[in-house]
Amino acid sequence: MTASVANLPEVWLRGPLPDVPPLLQPVAHALLQAREELQAALLGFPDQLLSVRPAGVASVEFHLRHLAGVLDRMQTYARHQPLTEAQFTFLAAEKEGSVPPESTQDLLQAFSRQVEVMLATLRTTSESTLLEFRPVGRAGLPSTVIGLLVHAAEHTTRHTGQLLVTAQMVRAGVGVG
């Protein structure tokens with residue numbers, strides 16, 4: 001987080017975002033807040049610690065990869081489309097990591113790109129479609145456009161919190177080894 005951002009109130013207190021429908025403002029605010037927090041917390045995070053799993057919890061690398069993947073998948077479902085083979089491959093690889101491993105910066109940039117794609121989705125989503133049915137997954141479980149978009153935000157904030165704690169533990173060497 002830059003010094004100028006550090007001095008600002010949380011994203012949701014900075015006012016409405018241009019071109020984002022009013023009902024989707026909280027989704028956009030949550031995603032932007034998560035991105036700012038992750039960028040600040042992982043500044044200078046050592047790449048060699050990405051895959052460390054203190055006390056057996058999910059690694060920083062997993063959380064960053066998963067954050068990007070979930071945003072991508074929720075948008076696909078919101079568009080009423082099935083996941084592609086590439087998305088299934090990415091989903092399967094989320095836990096495994098990449099070989100060679102990506103850098104912290106690469107993973108943060110991938111997440112940031114997905115946030116930008118989601119913001120574009122939010123800007124082009126008509127509030128009149130928010131209650132439309134959307135099937136999720138191979139089982140076609142029931143959701144709605146707003147359900148998927150809100151889940152993307154709440155899932156992002158949940159994993160951001162987990163990632164922040166994991167990163168602190170890894171840096172401190174707690175539960176490692």
Step-by-step side-chain contact (heavy atoms from CB on, under 4.5 Å) determination, R138 to F88: CA-CA 11 Å; R138 291 181 175 144; F88 281 117; 3.4 Å; yes

More than 12 foreign heavy atoms under 6.0 Å from CG of L131: is that the case here?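 No, CG of L131 has 12 or fewer neighbouring heavy atoms, counting only those of other groups under 6.0 Å.
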
For E85, I'd like to know if atom CD has over 12 heavy atoms of other residues, nucleotides or ligands within 6.0 Å. no

What is the minimum heavy-atom distance between [X] and [Y], and which atoms define it?
X    : Y    : answer
A41  : R171 : O-NH1, 2.9 Å
V11  : Q33  : N-OE1, 2.8 Å
F45  : L50  : CE2-N, 3.9 Å
L108 : Q39  : CD2-N, 4.4 Å
L31  : A153 : CD2-CA, 4.1 Å
P18  : R123 : O-NE, 3.6 Å

Under 30°, 30 to 60°, or over 60°: which ring-plane class applies to H151 and H155, parallel, tilted or perpendicular?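 Judged by the thresholds at 30° and 60°, the geometry between H151 and H155 is tilted.
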
So do [Y] and [X] actually touch side chain to side chain, heavy atoms under 4.5 Å?
X    : Y   : result
E102 : R65 : yes
T166 : P54 : yes
P26  : W12 : no

Return the [atom1] to [atom2] distance between [X] and [Y], rounded to the nearest 0.5 Å.
X    : Y    : atom1 : atom2 : value
T160 : R35  : OG1   : CZ    : 12.0 Å
T129 : H80  : OG1   : NE2   : 11.5 Å
H66  : L64  : NE2   : CG    : 11.5 Å
L32  : S112 : CG    : OG    : 9.0 Å
H159 : L164 : NE2   : CG    : 12.5 Å
Q48  : S103 : CD    : OG    : 11.5 Å

Going through the distances and angles, do L49 and V60 end up as a side-chain contact (heavy atoms from CB on, under 4.5 Å)? CA-CA 8 Å; L49 297 180; V60 168; over 6 Å; no

Evaluate side-chain contact (heavy atoms from CB on, under 4.5 Å) for V150 paired with V27, printing each intermediate quantity in order. CA-CA 6 Å; V150 168; V27 173; 4.0 Å; yes

For [X] and [Y], indicate whether the former's side chain and the latter's backbone hold a donor-acceptor pair under 3.5 Å.
X    : Y    : value
T125 : T121 : yes
H29  : P16  : no
Q87  : T84  : yes

With hydrophobic residues grouped by side-chain heavy-atom distances under 4.5 Å, do [X] and [Y] end up in a single group?
X    : Y    : result
I146 : L122 : yes
L38  : F62  : no
V115 : L163 : yes
M118 : L91  : no
L23  : L149 : yes

Using side-chain contact (heavy atoms from CB on, under 4.5 Å), reason through D72 and F90 one step at a time and then give a plain yes or no. CA-CA 10 Å; D72 180 49; F90 189 88; over 6 Å; no

Test item: side-chain donor near acceptor, S143 and R134, under 3.5 Å: no

Have R73 and T76 got a donor and an acceptor in their side chains that come within less than 3.5 Å?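 No pair is found: no donor N or O on one side chain lies under 3.5 Å from an acceptor on the other.
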
